[in-house]
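Written out below as structure tokens is the structure these notes cover.
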Amino acid sequence: MLGGSLFEPKSNQLVSVLWATCSGILGTFTGRMLLYRAVHQLGAVRGVVLKGISPVATMSVAALALGEDPSFDDGLGLCGVFGSILLLVIESRMRKQRTSRFAFHSAAAIGVAAACIQGVGHVFRQLSVQTGLSPLPAAAIDLCAATSMYAIWLLCRGTLWPLLQWYGQHLNIWLAVAGWCSATGVFLFFLAADHASVSTVAILAASEPVFVALFSAAFLARLERLSWWSGAAALLIGFSAMMLVMG
């Protein structure tokens with residue numbers, strides 16, 4: 001699969017570390033920062049469903065850089081992604097939004113940009129394991145790079161120390177659990193990318209909105225109203241991921 005790629009697999013740990021670092025800076029840090037901005041404006045379900053467009057960027061970059069040839073099943077998965085986004089567009093036109101139309105489209109654009117950046121980061125993740133780095137250290141490097149960039153960003157804004165003080169006074173077990181779950185997800189992505197094409201892994205990861213929708217309805221009912229449209233969009237992505245696995 002990688003025979004005609006621009007980046008041939010090598011046993012070069014320095015190159016592997018470089019790819020893992022780039023995935024942390026670009027995909028994990030930059031992509032997530034933009035995604036959280038979109039989620040803040042659109043809500044958890046609608047914001048994360050937009051992340052489903054990331055497999056498009058992943059497949060495009062993988063085809064160019066890794067020489068991957070998307071399969072028919074990958075195409076079906078993408079159809080499900082596009083269908084879910086179409087449902088969100090229809091919803092935005094049929095019901096009144098809590099924010100203005102300009103704010104909605106602006107947040108949607110941020111969400112799409114986040115998805116594209118994360119898609120490129122996904123390719124960097126597979127490059128790190130394809131060039132000889134094991135999934136666990138690759139995930140650790142990715143997360144350390146992302147954490148370092150976030151600390152630098154806060155330092156430049158002058159909010160690093162006040163934020164550390166605030167968290168020191170308001171310890172929250174749920175934040176810790178969320179962090180561990182997120183870190184585990186990054187590791188599992190590296191592990192999956194070490195055994196399958198990154199395009200397939202990225203499309204499977206697009207089933208995340210299903211779990212976001214379920215958990216939001218169960219635990220955040222007062223903050224996040226699950227509409228029929230956003231629920232159907234989340235389920236469509238999940239169904240596409242399931243069909244991809246079966247295929």
Heavy-atom side-chain contact between Val120 and Cys116 under 4.5 Å: no

query: Quick one: CG on Leu155 to CG on Leu163, what's the gap to the nearest 0.5 Å?
result: 12.0 Å

message: Is the shortest side-chain heavy-atom distance between Phe189 and Thr184 below 4.5 Å?
response: no

query: Are Tyr167 and Leu154 connected, step by step, through hydrophobic side chains (Ile, Leu, Val, Met, Phe, Trp, Tyr) whose heavy atoms are closer than 4.5 Å?
result: yes

task: Calculate, to the nearest 0.5 Å, the distance between atoms CG and OG1 belonging to Asp142 and Thr147 respectively.
output: 9.0 Å

message: Can you give me the closest heavy-atom contact between Ala138 and Ala20, atom names plus distance?
response: O-CB, 3.8 Å

message: Which Ile, Leu, Val, Met, Phe, Trp or Tyr residues join Val129 in one cluster when any pair of side-chain heavy atoms under 4.5 Å counts as a link?
response: Leu143, Val186, Phe190

query: Distance-only, no hydrogens or angles: does the Thr131 side chain make a donor-acceptor pair with backbone N or O of Ser128 under 3.5 Å?
result: yes

field: Backbone of Ala196 reached by a side-chain donor or acceptor of Gln126 within 3.5 Å
entry: yes

- request: Report, as yes or no, whether the 6.0 Å neighbourhood of atom CH2 on Trp166 holds more than 12 heavy atoms from other residues, nucleotides or ligands.
  value: yes

query: Do we see a donor-acceptor contact under 3.5 Å between the side chains of Thr58 and Arg125?
result: no

- prompt: Looking at Val15, Leu127, Ile141, which one forms a side-chain contact (heavy atoms from CB on, under 4.5 Å) with Leu133?
  reply: Ile141

- request: Return the minimal non-hydrogen interatomic distance between Ala114 and Leu34, and the atom names on each side.
  value: CB-CB, 3.5 Å

query: For Gly132 and Ser16, which heavy atoms make the closest approach, and how far apart are they?
result: N-OG, 3.7 Å

message: Do Ile152 and Tyr36 sit in one hydrophobic cluster, given that two such residues count as connected whenever their side-chain heavy atoms are within less than 4.5 Å of each other, even indirectly?
response: no

field: Met33 side chain reached by Trp153 side chain, heavy atoms, under 4.5 Å
entry: yes

- prompt: Which heavy atom in Phe124 sits nearest to a heavy atom in Cys22, and how many Å separate them?
  reply: CD1-CB, 3.7 Å

- prompt: Between Ile117 and Leu26, what is the shortest heavy-atom contact and its length?
  reply: CG2-O, 3.0 Å

task: Determine whether His122 and Ser23 make a side-chain contact, defined as any pair of heavy atoms from C-beta on separated by less than 4.5 Å.
output: no

- prompt: Going from CG on Leu164 to OG1 on Thr159, what distance comes out if it is rounded to the nearest 0.5 angstrom?
  reply: 9.0 Å

